[in-house]
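Note that the structure is predicted; figures quoted are calculated from it, not measured. The figures that follow rest on heavy atoms only: side chains count, while hydrogens, waters and symmetry mates do not. Position 1 is the first residue of the sequence; numbering continues from there.
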Amino acid sequence: MTAPTAKPRLSAPEAQRLRVNLLRVAGLAVVLGLVMEGVRIIGGETVALSSLIDHGLWPVMVCVAVGIGQALVGGWPARAGAFSLVATPFAFLLAKVLQKGMQVLSDGPASGDLLLEAGLRAVEYAVLAAALAWLVRQHWAGVLAHIGLGVLVGVIFGAIIAAFITPDDLGGWIAEELVFPAGCALIIFVSEVLVGVLNADTGPSVIDPT
């Protein structure tokens, strides 16, 4: 298989489709965040508004960052991974800062755990983004392959993160390490399928080669 070629410039219709696709990814990521909270409730955890923001905001922002990377890198796995490696810790820490305020970065041991988790999440979603960028180009890769990839990455990195940072509870671990990566992979798959359908309906767009 030949390497994907980079597009020098997006036409106006392509730019519009890109914006719509990213909004779609953001909306689905919000739904995924609510599903994660549902898993926590089933596990017996009491969920308040502050808990919903704390546990739900960072997955939404990280998944959106992965979606932006997928949309911008033109199908290159290495570039998708590199983008997520940089974007994920920023998205993760920004979500935590928005939820708890700047104080979380100066709370001693808690701050160290937060930065450690941000770094581990960066590696985790760099791997997931690179794998998704490769998988989305495989004609055999359907919804189950994407979900399976998310679960596999979640199990591996969930175990690694748990070795450094003890999970609060089993329900939270399942939500963050199984439901979220699998759901994020599913969101990317759905968005790619919808983009392909819309492109087929509207016909090929013209890209300015200059």
*Taking C-beta and beyond as the side chain, do Ile165 and Leu116 meet within less than 4.5 Å on heavy atoms?*
yes

*asked:* Has Ser191 got a side-chain atom pairing as donor or acceptor with Ile188's backbone, closer than 3.5 angstrom?
replied: yes

Pairs of donor and acceptor atoms involving the side chains of residues 139-153, under 3.5 Å and at least two apart or interchain, shall be tabulated with distances.
residue : atom : partner : partner atom : Å
His146  : ND1  : Gly142  : O            : 2.8

*asked:* Can you give me the closest heavy-atom contact between Pro89 and Ala118, atom names plus distance?
replied: CB-O, 3.9 Å

*Excluding sequence neighbours, so at least two apart, what forms side chain to side chain contact (heavy atoms under 4.5 Å, CB included) with Leu28?*
Arg24, Ile187, Val190

_From CG (Leu132) to CH2 (Trp134), nearest 0.5 Å_ = 11.0 Å

*Going from CD on Glu176 to CD on Glu117, what distance comes out if it is rounded to the nearest 0.5 angstrom?*
6.5 Å

Got a list of side-chain donor-acceptor pairs under 3.5 Å for residues 154-164, not counting sequence neighbours?
none

*Beyond-backbone contact of Val66 with Phe83, side-chain heavy atoms, under 4.5 angstrom*: no

*Do the side chains of Tyr125 and Pro181 get nearer than 4.5 Å, heavy atoms only?*
yes

